[in-house]
Amino acid sequence: MLDILKAIAREGIKFVEKHDFVRIFTHYDPDGITAGAIIATALIRLGKDFQVRFLKGLNEEVEYDKDDLVILSDMGSGYPDVVSKIEADTIVVDHHIPTGRIEKDNLVHINPHLAGLDGTYELSASGTAYVFANVLGDNRDLAGIALVGAIGDKQKMKGGNAEILREGIESGYIEVKSGLSLHSMKVREALMLSLEPFLDFYGKEDELEDFLRKVRIDGDKDFEELSDEEMYRLSNAVALRLLKMNAYTGVFNDIMRGRIILKSELIRNAVTMCDVINACGRVTACSLGFALCLRDSKYLNKAFEIWRNYTTELLERINAVRDDVREGFCIRYVIMSDGNAASPIATIFSRYFYPDKPFIAVSVKGERAKVSARGNDSLKVNLAEVMQKAGEKVGGRGGGHRVAAGAIIPADKVEEFISEVDRLCCSQG
Ligand code: C5P
Ligand code: C5P
């Protein structure tokens with residue numbers, strides 16, 4: 001099924017052969033960091049030099065020499081005007097919906113949507129990078145890293161992702177263990193710090209101890225050492241808790257699909273690796289996450305420390321803004337006056353508390369506001385279009401996927417923007 005995409009990817013070989021130095025610009029989230037690392041590893045194995053930069057989006061400056069090869073990863077397809085202006089040879093490795101023609105001859109555009117595949121749920125930027133890496137050489141050992149990116153973008157193990165998973169299992173790099181998907185650490189900590197599933201135990205220590213007593217599990221036991229019987233009891237209790245919380249039904253599939261174990265990686269549990277890389281990206285330590293993907297163990301302890309701090313801060317923040325959620329006609333939203341937590345807050349609130357309407361989180365920082373919008377398949381609202389249109393209306397810019405999109409807008413236009421988003425969601429839904 002990946003044949004057409006592979007054929008497109010093969011066109012990139014000529015650019016890689018032509019250049020000795022490559023500038024990789026990749027997104028700062030887990031899908032972007034893993035995609036960048038997969039491309040970088042493939043280039044290292046070909047003896048190429050590269051520089052990697054992590055960006056929040058193409059709103060930021062892309063610096064290059066005309067003679068370089070520029071690779072944009074996990075970005076580009078939604079910003080054809082910006083890519084058209086890049087003078088150097090360019091390869092775009094992305095999975096966002098292409099929003100227009102890129103006017104440029106020296107371009108190779110590798111995107112599942114251009115190969116008849118689903119880039120929203122079934123192949124992420126890291127999966128697309130994996131396909132590209134494997135036309136450049138034998139890089140099948142990177143299958144696990146490709147799946148970490150897909151997990152970060154909340155994709156399904158279907159289509160292209162399922163094919164990468166199969167390839168990883170066949171070549172012995174990946175194993176799937178049955179049972180609940182949680183971090184491989186002490187059960188108490190795994191339940192408390194889990195963001196996917198988010199279980200709402202933070203700040204509720206008594207409730208957590210009561211939960212452990214009822215399921216008859218020692219919280220100090222390592223999650224990987226639970227007996228089948230204990231795993232079964234825990235899975236049921238977690239599912240019940242999520243039902244009571246009003247979680248989105250899709251969550252259940254995700255957490256019951258077993259644990260993807262990456263046999264060659266420094267962090268063997270794929271969900272844990274994803275969360276650690278995510279935390280590094282969020283605190284502008286992308287290169288630590290990148291180093292983990294390159295199997296450099298020097299920063300492993302530091303990366304885990306960042307993950308612990310980031311996660312507890314985020315959980316505190318979730319508790320703090322819970323009472324600030326406002327309701328429009330067809331959306332719910334929260335406006336935060338500081339921090340950069342819009343993206344994870346929107347993801348968690350829409351998946352675990354309010355799956356019945358699109359959820360919009362805004363964090364205002366100086367003169368600009370960062371917006372994250374999240375929905376799900378049942379809502380029939382295309383948030384990429386909503387963010388694009390409402391963003392443009394107030395002099396900002398937005399885009400993304402149908403169920404997960406975002407925008408950057410002027411801070412003094414937040415109320416106007418929210419009204420427009422509400423109006424557009426009502427007209428679409
Ligand atoms: O730029 P990119 O496509 O990688 O960002 C997607 C973002 O949307 C990620 O942060 C991911 O966690 C989130 N997402 C989500 N729910 C979905 C799909 C993506 O929260 N169903
Ligand atoms: O930042 P956040 O995780 O909410 O982004 C969700 C999706 O929206 C990502 O795919 C991101 O690339 C996209 N986005 C965009 N333009 C923006 C902000 C976000 O295309 N200005």
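Note that ligands are numbered from 1 as they come in the structure, with each ligand's atoms numbered from 1 the same way. It should be emphasised that the depicted structure is a prediction, and the values quoted were computed from it without experimental measurement. All residue numbers refer to positions in the sequence shown, counting from 1.
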Undergrad: Can you tell which part of N376 has a heavy atom less than 4.0 Å from ligand 1: side chain, backbone, both or neither?
TA: neither

Undergrad: Give yes if a backbone or side-chain nitrogen or oxygen of Y121 is under 3.5 Å from a nitrogen or oxygen of ligand 1, and no if not.
TA: no

Undergrad: Could you list the atoms of ligand 2 found under 4.0 angstrom from a heavy atom of Y79?
TA: 15 (C), 16 (N), 17 (C), 20 (O), 21 (N)

Undergrad: Record the part of R374 in heavy-atom contact with ligand 2 below 4.0 Å; permitted values are side chain, backbone, both and neither.
TA: side chain

Undergrad: Using a 4.0 Å heavy-atom cut-off, say whether Q155 meets ligand 1 through its side chain, its backbone, both or neither.
TA: neither

Undergrad: Report, in ascending order of atom number, the atoms of ligand 1 lying under 4.0 Å from any heavy atom of T347.
TA: 20 (O)

Undergrad: Can you figure out which of T120, D153, D31 has its heavy atom closest to atom 6 (C) of ligand 1?
TA: D153

Undergrad: In this structure, does ligand 2 have an atom that sits under 4.0 Å from one of the heavy atoms of A407?
TA: yes

Undergrad: Hey, which atoms in ligand 2 end up nearer than 4.0 Å to a heavy atom of S343?
TA: 2 (P), 3 (O), 4 (O)

Undergrad: Is there a polar contact, in the sense of an N or O pair closer than 3.5 Å, between G399 and ligand 2?
TA: yes

Undergrad: Number the atoms of ligand 2 from 1 as they appear, then name those within less than 4.0 Å of a heavy atom of H401, with their elements.
TA: 10 (O)

Undergrad: Going by the closest heavy atom to atom 14 (N) of ligand 1, which one wins out of S372, A404, A405?
TA: A404

Undergrad: Which heavy atom of the protein is the closest neighbour of atom 1 (O) of ligand 2, given with residue, atom name and distance?
TA: K370 NZ, 2.7 Å

Undergrad: Against heavy atoms of I408, which atoms of ligand 2 measure under 4.0 Å?
TA: 21 (N)

Undergrad: Below the 3.5 angstrom mark, is there an N/O of R351, backbone or side chain, next to an N/O of ligand 1?
TA: no

Undergrad: Between R397 and ligand 2, which part of the residue brings a heavy atom under 4.0 Å of the ligand: side chain, backbone, both or neither?
TA: backbone

Undergrad: Please report whether ligand 2 has a polar contact with G406, defined as an N or O pair separated by less than 3.5 Å (distance criterion only).
TA: yes

Undergrad: If you count the atoms of ligand 2 from 1 in the order shown, which ones are under 4.0 Å from a heavy atom of H96?
TA: 9 (C), 10 (O), 12 (O)

Undergrad: Nearest protein heavy-atom contact for atom 17 (C) of ligand 1: which residue, which atom, what distance?
TA: K154 CB, 3.7 Å

Undergrad: How about C286 and C280 - are their SG atoms less than 2.5 Å from one another?
TA: no

Undergrad: Hey, does H27 come in under 3.5 Å of ligand 2, counting only N/O atoms on both sides?
TA: no

Undergrad: For ligand 1, which part of M75 has a heavy atom less than 4.0 Å away: the side chain, the backbone, both, or neither?
TA: neither

Undergrad: Would you say G152 and ligand 1 have an N/O pair spaced under 3.5 Å apart?
TA: yes

